[in-house]
Number of protein chains: 2
Amino acid sequence: MSRSNPRVLSTLERAGGFASAQEVYKLMQREGEKIGLTTVYRSLQSLVNDKIVDLLRREDGEAIYRLCGEHHHHHLVCKSCGETVEIEGGAIEKWAKSMAEEHGFRDVGHTAEIFGICSKC
Amino acid sequence: MSRSNPRVLSTLERAGGFASAQEVYKLMQREGEKIGLTTVYRSLQSLVNDKIVDLLRREDGEAIYRLCGEHHHHHLVCKSCGETVEIEGGAIEKWAKSMAEEHGFRDVGHTAEIFGICSKC
DNA sequence: ATGGAAATGAAAATCATTTTCATTTCTGCT
DNA sequence: AGCAGAAATGAAAATGATTTTCATTTCCAT
């Protein structure tokens with residue numbers, strides 16, 4: 001078993017606690033970190049096993065890693081220029097919770113993203 | 001633009017209305033249908049465009065296609081067995097709309113999925 | 001210092017999905 | 001019927017994320 005490389009977790013945090021393995025890798029490269037893609041994957045997997053990060057899926061199926069426990073937020077993304085705004089989702093949290101309870105689900109998480117065209121585009 | 005090959009839809013129905021592209025393809029092969037994998041993919045994409053089937057994701061990121069009603073809804077998915085419940089998202093619709101307006105976004109859409117462990121697992 | 005375990009990463013393998021492109025099948029039209 | 005252009009098809013190659021392999025390096029306890 002491999003343990004997580006601490007620089008990976010720290011980079012994920014710096015990325016806003018929400019990124020894919022490839023993004024974490026590229027970010028570390030840009031910052032001059034000497035690390036292989038394989039290690040990034042292994043570290044993220046290990047963090048998921050330890051329940052330190054959540055594993056979610058983008059719409060295209062790419063895995064995205066999100067820090068657990070952290071007060072999480074949602075995104076409002078411009079389909080045209082990619083600008084992203086972090087938004088609060090209080091209503092969503094309640095909705096997810098009540099829906100899950102209603103159907104007897106436990107260990108519940110959720111994803112919610114809003115996308116559209118921003119005022120500049 | 002290619003239109004959906006009707007045999008693909010009929011196979012998806014026969015598969016219980018819930019299968020991946022690869023599964024639909026293998027099923028058709030076993031039944032002696034002469035069809036290429038490419039056409040299966042194209043047909044399923046087209047069915048998604050026409051909102052005749054829903055596109056969701058397995059835990060491993062593989063796309064699964066699922067016949068579903070035409071009303072807008074969200075999903076509650078079991079991470080363990082894959083059971084899926086269609087749920088209403090009235091609160092989400094309002095949230096997405098108000099968040100988008102607040103930040104000047106237009107042509108807005110959204111995704112929202114809840115995942116957890118169902119009562120049977 | 002030393003031996004074994006754990007970590008690392010480059011390259012190859014895997015696997016779903018998409019793209020390319022040449023061929024075949026339809027279509028409408030004369 | 002015959003013909004041209006459009007649409008559909010599928011085999012093979014390309015893509016892209018993720019995993020595996022395996023040889024090398026780093027750690028750690030002795």
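In the text below, chain A, chain B and the rest are named by the order of the sequence lines, each starting its count at 1.
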Problem - Nearest-nucleotide pick for A:Thr38, side chain only, options being C:dA11, D:dA17, C:dT17 - result: C:dA11

Handout entry: Distance, rounded to the nearest Å, where A:Glu33 contributes CD and C:dG9 contributes C1'
Key = 15 Å

Exercise for the section: Measure the distance from NZ on A:Lys34 to C1' on D:dT26 and round it to the nearest whole Å. Expected result: 13 Å

Handout entry: Fellow cluster residues of B:Ile117, listed by chain then number, with links counted only when side-chain atoms sit under 4.5 Å apart
Key = none

Handout entry: side-chain hydrogen bond (donor to acceptor under 3.5 Å, both in side chains) against B:Glu33, all qualifying residues, sequence neighbours excluded
Key = B:Arg7

Completion exercise
Rounded to whole Å, CG of A:Leu44 lies from P of C:dT8 at a distance of 12 Å

Problem - Side chain of A:Arg42 (C-beta onward), nearest among D:dG10, D:dT21, C:dT18 - result: D:dT21

Practice task
Have a look at B:Glu62 and say if it touches a base, only the backbone sugar-phosphate, or nothing, with a 4.0 Å heavy-atom cut-off.
Solution key: sugar-phosphate

Exercise for the section: Return the nearest nucleotide to the side chain of B:Asn5; candidates are C:dT18, D:dT9, D:dG10. Expected result: D:dT9

Fill in the blank from the handout: Among the nucleotides C:dT8, D:dT19, C:dT17, whichever has the atom closest to the side chain of A:Tyr41 is D:dT19

Practice task
Specify the separation, in whole Å, of atom CD1 of A:Ile64 and atom P of D:dT18.
Solution key: 10 Å

Problem - DNA chain C contacts among residues 24-32 of chain B, heavy-atom distance under 4.0 Å - result: none

Handout entry: Contact under 4.0 Å: B:Gln45 side-chain N or O vs C:dT17 OP1/OP2
Key = no

Practice task
For B:Asp60 and D:dG16, give me the distance from atom CG to atom P, rounded to whole Å.
Solution key: 20 Å

Fill in the blank from the handout: B:His75 meets the side-chain hydrogen bond (donor to acceptor under 3.5 Å, both in side chains) criterion, sequence neighbours left out, with B:Asp54, B:His73

Problem - Residues forming a side chain to side chain contact (heavy atoms under 4.5 Å, CB included) with B:Ala19, sequence neighbours excluded - result: B:Leu12, B:Ala15, B:Glu23, B:Val24

Problem - Length of the line joining B:Arg7:CZ and C:dT25:C1', which is rounded to integer Å - result: 13 Å

Handout entry: Carboxylate-amine/guanidinium proximity below 4.0 Å for B:Glu59 and A:Arg57
Key = no

Practice task
Among the candidates C:dA7, D:dG10, D:dT18, find the nucleotide nearest to the side-chain atoms of A:Arg3.
Solution key: C:dA7

Problem - Sequence-distant partners of B:His110, ring pair (Phe, Tyr, Trp, His ring centres under 6.0 Å), two or more places apart - result: B:His72, B:His74

Completion exercise
Quick note, A:Thr39 side chain, CB onward, closest among D:dT18, C:dA16, C:dG9 is C:dG9

Handout entry: Length of the line joining B:Gln22:CD and C:dA16:C1', which is rounded to integer Å
Key = 6 Å

Problem - Distance in angstrom units between A:Glu23 CD and D:dT18 P, rounded - result: 10 Å

Exercise for the section: Under 4.0 Å between any heavy atoms, over every strand shown, what does A:Leu37 touch: base, sugar-phosphate, or nothing? Just pick one. Expected result: base

Practice task
Indicate yes or no for a side-chain donor-acceptor contact from B:Ser43 to the backbone of B:Asn5 under 3.5 Å, with no hydrogens or angles considered.
Solution key: yes

